[in-house]
Amino acid sequence: MQPIRPAADNTRLFESRSTESSSSQETKRNHLYAFTLSDLLDKRKSTETEKDLGKLAKDFGIEPDRLKRLGRFINSPSINSLTIRPASGKSEEEGFIATAVWVEPKISG
């Protein structure tokens with residue numbers, strides 16, 4: 001069996017796709033990769049004002065209203081630090097169990 005494309009061609013293919021997706025990411029509003037969405041939702045938790053939330057939305061290329069609607073139903077994982085305990089029969093370095101919680105931003109007027 002012979003490869004359809006030489007390895008060098010595959011590298012160029014992936015590089016071109018990467019370039020295409022990053023440039024199209026900048027031009028498409030309200031379209032995010034999963035890792036970017038997770039980052040956005042993490043940063044959303046620490047916003048304190050509507051202005052901060054609007055700036056964050058703008059930085060990520062998403063409409064502020066869409067971010068608000070999205071935040072009602074989707075969030076990134078957070079852990080309640082009071083519930084962290086070692087997994088059964090293991091030390092904390094080997095594994096732990098904690099309760100996941102939904103964290104909302106503390107936005108004031």
Residues in side-chain contact (heavy atoms from CB on, under 4.5 Å) contact with Pro105, at least two apart in sequence or another chain: Arg44, Thr47, Ile107

Close side-chain approach of Ile79 to Val101, heavy-atom, < 4.5 Å: no

Non-hydrogen atoms of Leu32 and Thr36 that approach each other most closely: CD2-CG2, 4.0 Å

Closest non-hydrogen atom pair between Ala57 and Leu67, with its separation: CB-CD2, 3.9 Å

Please tabulate, one pair per line, all N/O donor-acceptor pairs under 3.5 Å involving side-chain atoms of residues 68-76, not counting sequence neighbours.
{"from": "Lys68", "atom 1": "NZ", "to": "Glu50", "atom 2": "OE1", "distance (Å)": "2.8"}
{"from": "Asn75", "atom 1": "ND2", "to": "Val103", "atom 2": "O", "distance (Å)": "2.9"}
{"from": "Ser76", "atom 1": "OG", "to": "Asp42", "atom 2": "OD1", "distance (Å)": "2.4"}
{"from": "Ser76", "atom 1": "OG", "to": "Lys45", "atom 2": "NZ", "distance (Å)": "2.9"}

Distance in Å, Ser88 OG paired with Ile97 CD1, rounded so as to fall on 0.5 Å steps: 7.0 Å

From Phe60 atom CZ to Leu37 atom CG, the distance as rounded to the nearest 0.5 Å: 9.0 Å

Which residues share a side chain to side chain donor-acceptor pair (under 3.5 Å) with Asp65, sequence neighbours left out: none

